[in-house]
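Below, each value reflects all heavy atoms present in this structure, side chains not excepted, and no hydrogens, waters or symmetry copies.
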Amino acid sequence: MSERDILVAGAGVGGLSAALALARAGFEVTILERAEALQEAGAGVQLAANATSCLARLGVLERVKARAVQPAFLRVMDARHGRLLAEATMGEAAEIGFGAPFLVIHRADLQAALAEAVLAEPRIRMLLRSTIEGFTEEDGRVRVVIRRGETPAIFDGAALIGADGLRSAVRAQLFPHALPSFRHRAAWRAMAPVARLPAHLADAATRLWLGPGAHLVTYPVRGGKAVNLVAITPDERQAHGWSHEGEKGELAGHFRGWCADVQALLAAPGAWLRWALFDLDPLHAWGTGRVTLLGDAAHAMVPFLAQGAAQAIEDADVLAACLREGGDVAAALRRYEALRRPRTAQVQAAARGMDRVYHLSGPMAFARNLMIRAKGGAGVLERYRWIYERQP
């Protein structure tokens, strides 16, 4: 039996990246995806240098860059008064400083770039409408039962990689008590044509607007023709999904009293989508035998450091490197987990920590703003060099 055929559950950013990395390492890969088509989901994605360095090793960075924007600046703003707290020069300067570019891109464009590379790779086949029902390990193989419409089928491989997201079916069988943790916040996401924005907000800058109890992130996508907006607010509704319509009036209530620029940004989109934010507490293990997890299935995190997709891409890079070394497949998966679990747990904890920092009010917010001004934009970036510069 071959030890070179791998099953990957899920065709999101992590699953597609894993399939590409494994194929580049000489493995035959079958992607099992429950959706009927690779649909546009979510909105924008920020790809810091740690992600783009991995994409370069996968040979897809140029495809991604063709659809992405490389911001010229990062600006941290006092959202109540519209004041600039700190500005960091990005673009070529940040690329030189961290060894790879910082990019922003619509999630659908990132997924399309990865999918194009997957479809062009003869070592990969992708099966849509394939819902995982369960799996077993028998005779040194992983056998996966799937349902395609009303038709059951069995696939087997040398390993199964569960890259099937926050509500992972693979994780549910491995660790049924490892459930997503509701963070009592919602992400509201939208896009708007730059033509609807005041001219001074239509430049190639990523902006982080900090205010009491909420925050707003904006950056250009679609070649700079649109701006992506992500508003984070308190919320007690736990309904999970990417497509709950958000009421603009409700959203506006969270940002009442904020500056005119924020009001203009919030008014620009025609519609908003809202979804509850969940993450995972760090898992004591990611797998057993010839099965492991990757991406959100292993370490879903809140988006306050914009590292969810980046950590999944890192996972893919390290997983392929461990399996490429050869030897026992299960042992290679444990090496991958040993390398990745401490780092992703650290990033998860840091992202949770930013929840409090971003949403301070009163004297604590005043003190935070003073510290940001003192450190400046370069200091903001340096604080996260341990994330951006590390080569997994």
Side-chain angles (χ1 to χ4, degrees), residues 12-13 39-46 75-80 82 104-110 165-167 180-194 196-198 201-202 205-222 226-279 296 300-309 351-352 354-361:
V13 170
Q39 299 174 338
E40 180 174 310
V45 176
Q46 299 183 62
R75 297 188 175 117
V76 183
M77 310 295 298
D78 173 355
R80 294 299 293 266
V104 289
I105 188 171
H106 193 283
R107 183 177 292 273
D109 293 339
L110 173 59
L166 177 70
R167 309 285 173 171
S181 175
F182 179 48
R183 305 314 300 170
H184 304 280
R185 293 198 175 273
W188 302 64
R189 299 188 183 233
M191 285 202 308
V194 295
R196 293 185 184 175
L197 302 178
L201 297 177
T206 296
R207 289 179 172 86
L208 169 62
W209 304 81
L210 299 178
H215 76 273
L216 175 68
V217 178
T218 63
Y219 50 83
V221 292
R222 297 277 157 90
V227 62
N228 180 75
L229 301 99
V230 183
I232 306 296
T233 68
D235 206 297
E236 294 303 322
R237 292 164 290 189
Q238 298 190 42
H240 176 69
W242 293 76
S243 58
H244 295 289
E245 185 174 348
E247 291 289 337
K248 294 185 72 172
E250 179 190 346
L251 178 63
H254 289 288
F255 295 90
R256 190 170 292 115
W258 290 33
C259 70
D261 281 347
V262 168
Q263 302 304 327
L265 288 164
L266 295 176
W272 289 82
L273 297 178
R274 174 191 58 80
W275 61 90
L277 290 183
F278 292 81
D279 65 4
D296 281 356
M301 58 189 67
V302 286
F304 305 147
L305 289 177
Q307 278 291 306
R352 280 187 177 181
M354 296 313 294
D355 187 341
R356 179 175 178 275
V357 172
Y358 282 179
H359 304 131
L360 293 170
S361 60

Should [X] and [Y] count as side-chain neighbours, where that means a heavy-atom distance under 4.5 Å?
X    : Y    : value
R274 : D235 : yes
V104 : T206 : yes
V221 : D109 : no
P212 : H359 : no
L197 : T218 : no

From the list V357, V217, L277, side chain to side chain contact (heavy atoms under 4.5 Å, CB included) partner of F304 resolves to L277
Write down the atom of [X], the atom of [Y], and the distance for their closest heavy-atom approach.
X    : Y    : result
L251 : F255 : O-CD1, 3.3 Å
V227 : V194 : N-CG1, 4.2 Å
P269 : L229 : CG-CD1, 3.8 Å
R75  : A205 : NH1-CB, 3.5 Å
V45  : L110 : CG1-CD2, 4.2 Å
R222 : A108 : NH2-CB, 4.0 Å

Tell me whether Y358 contacts the main-chain N or O of I232 through its side chain, where contact means a donor paired with an acceptor under 3.5 Å.
no
Is the shortest side-chain N to carboxylate O distance from D355 to R183 below 4.0 Å?
no
salt_bridge(E247, R237) N-O dist < 4.0 Å
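No, E247 and R237 are not salt-bridged.
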When you look at CZ of R356, are more than 12 heavy atoms from neighbouring residues, nucleotides or ligands closer to it than 6.0 Å?
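No - once you tally the heavy atoms of other residues, nucleotides and ligands closer than 6.0 Å, there are 12 at most.
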If you count every heavy atom of other residues, nucleotides or ligands that lies below 6.0 Å from E245 atom CD, does the total exceed 12?
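It does not: E245 CD has 12 such atoms or fewer within range.
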[X] side, atom [atom1]; [Y] side, atom [atom2] - distance, nearest 0.5 Å:
X    : Y    : atom1 : atom2 : answer
M191 : H106 : CE    : NE2   : 3.5 Å
H215 : M77  : NE2   : CE    : 15.0 Å
H254 : L266 : NE2   : CG    : 11.0 Å

Over 60° means perpendicular and under 30° means parallel, so classify the ring planes of F182 and F278, tilted if in between.
tilted
Of all residues at least two apart in sequence or in a different chain, which pass the side chain to side chain donor-acceptor pair (under 3.5 Å) check with W209?
none
